[in-house]
A.B. asks: 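Here you go, one structure.
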Amino acid sequence: MPVLLVAVAINAIPVSLVVPMLPFLGQRYGASEFEVALLFTLMPLVGIVGNPIWGWLSDNIGRRPALPCTLGGTAVTFIAFAYAESLTILYASRALQGVVHGSMSIALAYVAIVNAGKNRAKSMGQVFGAMGIGLAIGPALGGFLMGAVSYTQLTLQ
């Protein structure tokens, strides 16, 4: 269970890490307010479709093989996001993030199967707590990284 909780927290960090950056990235590529809002909402919107697919896939191939696939997919899509050079690529990477971000559905399915009776709710609460930790760390880390990058760019000029 501790490995599962760490995986959920690690997978939640990049989801919220980009939040402080999105308005600035939108400005950089000339996005309107609506287009910036779309950058925020695209990942969870596509996740409405992606999460059930990961749940189905983990039912068929197993939780242990499916979870690393979501973690790897998340890593690849966030690397693509980091190197995006247009608003279109930002949108595409955010949409793919929604497709591959299925760790929560897999973690909750695992907890529901492994923990019986009165421990099930406690374990599910721990999974949501781990996600909350990751979601809390992400924006702080993203803001810190933005400050470090801005400082570096200012000192190089």
A.B. asks: Using a 6.0 Å cut-off, check whether atom CZ of R64 has over 12 heavy atoms from anything other than its own residue.
C.D. replies: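 At most 12 heavy atoms, drawn from other residues, nucleotides or ligands, come within 6.0 Å of this atom.
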
A.B. asks: Between L17 and P139, is any pair of side-chain heavy atoms under 4.5 Å apart?
C.D. replies: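 They are not in contact (no side-chain heavy atoms under 4.5 Å apart), so the answer is no.
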
A.B. asks: For L90 versus L25, what's the shortest heavy-atom pair and its separation?
C.D. replies: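 Closest approach of L90 to L25: CD1-CB, 4.1 Å.
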
A.B. asks: I'd like to check M131 versus N11 (side-chain heavy atoms, cut-off strictly below 4.5 Å). Are they in contact?
C.D. replies: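 Counting from C-beta outward, M131 and N11 never come under 4.5 Å.
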
A.B. asks: Just how far is it from atom CD1 of I89 to atom OH of Y83, taken to the nearest 0.5 Å?
C.D. replies: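 Taking CD1 in I89 and OH in Y83, the distance rounds to 13.5 Å.
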
A.B. asks: Group every Ile, Leu, Val, Met, Phe, Trp and Tyr by side-chain heavy-atom contacts under 4.5 Å, then state whether L141 and F24 land in the same group.
C.D. replies: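 Yes, L141 and F24 fall within the same hydrophobic cluster.
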
A.B. asks: Hydrophobic clustering (ILVMFWY, side-chain heavy atoms < 4.5 Å, transitive) - are V15 and L108 grouped together?
C.D. replies: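 Yes: a chain of side-chain contacts under 4.5 Å links L108 to V15.
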
A.B. asks: Tell me whether R63 contacts the main-chain N or O of A107 through its side chain, where contact means a donor paired with an acceptor under 3.5 Å.
C.D. replies: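 Such a contact is absent between R63 side chain and A107 backbone.
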
A.B. asks: Compare every heavy atom of P23 with every heavy atom of P20, then report the nearest pair and how far apart it is.
C.D. replies: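 Reported closest heavy-atom pair: O-CD, 3.7 Å.
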
A.B. asks: Once rounded to the nearest 0.5 Å, what's the spacing between atom OH of Y110 and atom CG of L4?
C.D. replies: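 So the OH of Y110 and the CG of L4 are separated by 7.0 Å.
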
A.B. asks: With rounding to the nearest 0.5 angstrom, report the OG1 to CD distance, T77 to Q97.
C.D. replies: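 The distance works out to 4.5 Å.
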
A.B. asks: Answer with yes or no whether the hydrophobic clustering places L22 together with L145; edges join I, L, V, M, F, W, Y residues whose side-chain heavy atoms lie under 4.5 Å apart.
C.D. replies: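 Linked within one cluster.
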
A.B. asks: I'd like to check the side-chain hydrogen bond (donor to acceptor under 3.5 Å, both in side chains) partners of S123; sequence neighbours left out, ordered by chain and number.
C.D. replies: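 Once residues adjacent in sequence are excluded, the partners of S123 under the side-chain hydrogen bond (donor to acceptor under 3.5 Å, both in side chains) criterion are N115.
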
A.B. asks: Are side-chain heavy atoms of T70 and V100 found at a separation under 4.5 Å?
C.D. replies: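 No - every pair of side-chain heavy atoms lies 4.5 Å or more apart.
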
A.B. asks: S32: what forms a side chain to side chain contact (heavy atoms under 4.5 Å, CB included) with it, not counting sequence neighbours?
C.D. replies: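 With sequence neighbours excluded, S32 shows a side chain to side chain contact (heavy atoms under 4.5 Å, CB included) to F34, E35, given in chain and number order.
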
A.B. asks: Tell me if a side-chain donor or acceptor on W54 pairs with a main-chain N or O of V99 at a distance below 3.5 Å.
C.D. replies: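 A pair under 3.5 Å: yes.
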
A.B. asks: Rounded to the nearest 0.5 Å, what separates atom CD1 in I53 from atom CH2 in W56?
C.D. replies: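 Reported to 0.5 Å precision, the distance equals 9.0 Å.
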
A.B. asks: Do F78 and F40 share a hydrophobic cluster, counting only Ile, Leu, Val, Met, Phe, Trp and Tyr and linking them when any side-chain heavy atoms are less than 4.5 Å apart?
C.D. replies: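 In one cluster with F78: F40, yes.
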
A.B. asks: Any link between M43 and I10 through a network of hydrophobic side chains (Ile, Leu, Val, Met, Phe, Trp, Tyr) touching at under 4.5 Å?
C.D. replies: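 No; I10 is not reachable from M43 via cluster members.
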
A.B. asks: Applying side chain to side chain contact (heavy atoms under 4.5 Å, CB included), name anything that partners L5, two or more places apart in sequence or on another chain.
C.D. replies: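 With neighbours one apart ignored, the set is M1, Q126, V127, A130.
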
A.B. asks: If you compare all heavy atoms of S93 against all heavy atoms of F81, which two are closest, and at what distance to 0.1 Å?
C.D. replies: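 Closest heavy-atom pair between S93 and F81: OG-CD1, 3.2 Å.
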
A.B. asks: Please find the pair of heavy atoms, one from P14 and one from T74, that lie closest to each other, and give the distance.
C.D. replies: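 For P14 versus T74, the nearest heavy atoms are CG-CG2, 3.9 Å.
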
